[in-house]
2 protein chains.
Amino acid sequence: MPDDHPLLRKLDALSPLSDEDRRFLAQVVAHPMAVPARTDLIREGDRPHGVFVIVEGIACRYKILPDGGRQVLAFLVPGDFSDLDVDLLEVMDHAVGTLTPCRMVHVPARTVRDLLDAHLGIARAMRLAALGEAATSRQWLVNLGRRSCEQRLAHVLCEMLVRLRSVGLASETGYHFPLTQVDLADATGMTPVHVNRSFKALRERSLIEGWGRSIVIRDVAALEGVAAFDRAYLHRTGSTGSCSRSAPAGLRA
Amino acid sequence: MPDDHPLLRKLDALSPLSDEDRRFLAQVVAHPMAVPARTDLIREGDRPHGVFVIVEGIACRYKILPDGGRQVLAFLVPGDFSDLDVDLLEVMDHAVGTLTPCRMVHVPARTVRDLLDAHLGIARAMRLAALGEAATSRQWLVNLGRRSCEQRLAHVLCEMLVRLRSVGLASETGYHFPLTQVDLADATGMTPVHVNRSFKALRERSLIEGWGRSIVIRDVAALEGVAAFDRAYLHRTGSTGSCSRSAPAGLRA
DNA sequence: CGATCCGTTGACATCGGTCAACGGACGTGG
DNA sequence: CCACGTCCGTTGACCGATGTCAACGGATCG
């Protein structure tokens, strides 16, 4: 019962799966392959041929700019997967690659189609997961557009805590997070050295502890406060809970 | 034949529609309603009850932060529509509202379902449109994360040129664009006064002309250069064309 | 043992934000 | 028709957050 495959765990939480769905999925996902760190799974301009499911490690979506800069668009953690719309997508407008060594499954387009057509329960859960990823990406837009560097970093840390916890990879307050400061910089739109300084600031405020492969959040509520983090957006349930303040007609306060 | 409804025009370009599809769509979209500027169509936390199709004017998706700040997530121009996944969406994680006076159609969830189930051609085109919006939002992520203020503004202007042209609302080099500098600021993650200054800079470089309700781009190629704009991402056809530079394994240059 | 990668720190430069004032366009009420 | 208020664009002075450049040291790996 405690089939702790992160994909099952995640999907089941979004939309409870039948035993048959679980069995089918478990089979699809049975034989992960190892992929080294910093390896592209698919590049911008490639035509996608299936879906990648992350089983272990951290990957990301990213784009490279003409000047060589990189923007990380999203982190993919165990249980996450790349685009479902393989059939519609002609070419990737961004790349997907590993950041740390990963284990993952490549699900061929054919199987994906089958999964979505013949297993409605799975389809629903996966569609919900995709909506969740879209919501997260909107949060990132807010993060990059409207928050200070320290807040951005704090927000990422809060987000990862919630996401990793939901697949059993984080404790109440901490998790393993073996990313480079360069990676974080490319995700938060800052400079690597400023990532470092911001970490230092968060540490000095006693909001987090120890850096280096492992994050410990000393005061989750406080960190969420600093980041203006909204726990709700990662849970597709009931009302959102943030922004209770009256915001009439889209005008600024 | 030149049925210039922006929705038809846009969808037909993405995936050619049958005459019956066109007739059906034209009927769905027959009676637009007027909505004043700065009016919310749906708020964060609301449960969506259908899809809005913009026929005229400019709307946006946005989020309000606890401190009252606003981040515009996307512009919606004629032919664009709000979320197709009404059935899956419990609550909105962001708001949608007009920026200028608009004319639009509200398509009830029931009709949307019918549209997607019974009219595969339309469904395909609309799904492609949704993918296009996702691609655009990734561009915005890059914009906010990795570009200077002047570049961000230039990028928005380039994007709007392409998008408005594709629905016949822009000439070769210019278009009507009655947004406030505050709106632009909230979209580009800058300050209203800096939007002003950046406009001035672009004008002084002779890249654009006249501001005030109307944009004229004097040198499209140059502006796209400044913005590092990639025409391809708005056209779902063939290969992407940008980033020809070799970018091995996601490493920075 | 040397090369490389990564985190760390300091000094310095600058982009963009903040604060404040002004003026034109527009709408509203006297 | 005029007086006033409001919204918006514009500009200047100032300052702070963040980027840039450079150096160093520890860890890891061949």
Side-chain angles (χ1 to χ4, degrees), chain A residues 36-39 58 65 67-71 99-101 143-154 177-205 208-215 226 248-253, chain B residues 36-38 58 65 67-71 99-101 143-155 177-205 208-215 226 248-253:
Chain A
R38 317 211 149 258
T39 306
I58 301 178
L65 292 159
D67 71 358
R70 178 178 70 156
Q71 176 65 43
L99 294 172
T100 73
N143 216 25
L144 292 175
R146 287 282 159 226
R147 285 198 262 259
S148 73
C149 284
E150 210 174 314
Q151 288 184 298
R152 285 183 229 168
L153 202 53
F177 196 58
L179 293 198
T180 276
Q181 293 186 353
V182 174
D183 295 330
L184 263 340
D186 287 344
T188 51
M190 30 200 297
T191 282
V193 340
H194 208 66
V195 168
N196 188 303
R197 283 196 261 257
S198 301
F199 261 119
K200 190 177 172 188
L202 292 177
R203 260 189 260 117
E204 278 166 0
R205 290 220 249 164
I208 65 172
E209 245 171 39
W211 160 253
R213 283 64 200 102
S214 272
I215 302 287
V226 166
L251 298 169
R252 309 192 91 186
Chain B
R38 318 210 148 258
I58 300 179
L65 292 160
D67 69 359
R70 178 178 70 155
Q71 176 66 43
L99 295 173
T100 71
N143 216 25
L144 292 175
R146 288 281 160 225
R147 285 199 261 259
S148 73
C149 284
E150 209 175 314
Q151 288 184 297
R152 285 182 228 168
L153 201 53
H155 197 276
F177 197 57
L179 292 199
T180 275
Q181 292 185 356
V182 174
D183 296 330
L184 262 341
D186 288 343
T188 51
M190 27 198 301
T191 283
V193 340
H194 208 65
V195 168
N196 189 303
R197 284 195 261 258
S198 301
F199 261 118
K200 190 178 172 188
L202 292 177
R203 260 189 260 114
E204 279 168 359
R205 291 220 248 163
I208 64 172
E209 244 171 40
W211 158 252
R213 284 64 199 105
S214 272
I215 302 287
V226 166
L251 298 167
R252 310 194 91 188

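Note on naming: letters A, B, ... go to the chains in the order of the sequence lines (proteins, then strands), and numbering restarts at 1 for each one.
Leu153(A) places its CG atom 17 Å from the P atom of dA17(D), with the value rounded to the nearest Å. Rounded to a whole Å, the CD atom of Glu204(B) is 12 Å from the C1' atom of dT11(D). Note: CZ (Arg203(B)) to P (dG9(D)) measures 11 Å, nearest angstrom. The interatomic distance linking Leu184(A) (CG) with dC6(C) (P) rounds to 13 Å, in whole Å. Atom P of nucleotide dG24(C) and atom CG of Asn196(B) are separated by 16 Å, given to the nearest angstrom. Phe199(B) has its CZ atom 9 Å from the P atom of dG9(D), to the nearest Å.
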List the steps and the verdict of side-chain contact (heavy atoms from CB on, under 4.5 Å) for Phe199(B) and Ile215(B). CA-CA 11 Å; Phe199(B) 261 118; Ile215(B) 302 287; 4.2 Å; yes
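By the side chain to side chain donor-acceptor pair (under 3.5 Å) test, Arg152(A) pairs with no residue at all, sequence neighbours left out. Among residues two or more places apart in sequence or in another chain, the side chain to side chain donor-acceptor pair (under 3.5 Å) test is passed with Asn196(A) by Gln181(A).
Counting only distance, with no hydrogens or angles, the side chain of Gln71(B) and the backbone of Asp186(B) share a donor-acceptor pair below 3.5 Å.
Checking the phosphate oxygens (OP1, OP2) of dC7(D), no side-chain nitrogen or oxygen of Gln181(B) falls inside 4.0 Å. A close approach under 4.0 Å does occur between a side-chain nitrogen or oxygen of Lys200(B) and OP1 or OP2 of dT11(D).
Atoms CG and CZ, from Asp183(B) and Arg38(B) in turn, are 4.0 Å apart once rounded to the nearest 0.5 Å. Atom CD1 of residue Ile208(A) and atom CG of residue Leu153(A) lie 7.0 Å apart, to the nearest 0.5 angstrom. From Ile58(B), atom CD1 reaches atom CG of Leu179(B) across 4.5 Å, with rounding to the nearest 0.5 Å. In this structure, Gln151(B) CD and Asp67(A) CG are separated by 7.5 Å, a value rounded to the nearest 0.5 Å. Atom NE2 of His194(B) and atom OG1 of Thr188(B) lie 9.5 Å apart (nearest 0.5 Å).
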Write out a two-atom table: protein N or O, nucleotide N or O from nucleotides 24-30 of chain D, distance below 3.5 Å.
none

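Pairing each heavy atom of Ala185(B) with each of Arg146(A), the nearest pair is O-NH2, 2.9 Å.
Residues in residues 195-205 of chain A take part in these salt bridge (charged side-chain N to carboxylate O under 4.0 Å, His left out) pairs, two or more places apart or across chains: Glu150(A)-Arg205(A).
Computed from C1' positions of five pairs at each end, the angle between the two local axes of the helix from dC1(C)-dG30(D) to dG30(C)-dC1(D) equals 40°, rounded to 10 degrees.
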Reading 5' to 3' through nucleotides 15-20 of chain C, protein heavy-atom contacts under 4.0 Å coded B for base, S for sugar-phosphate only, - for none: -BBB--
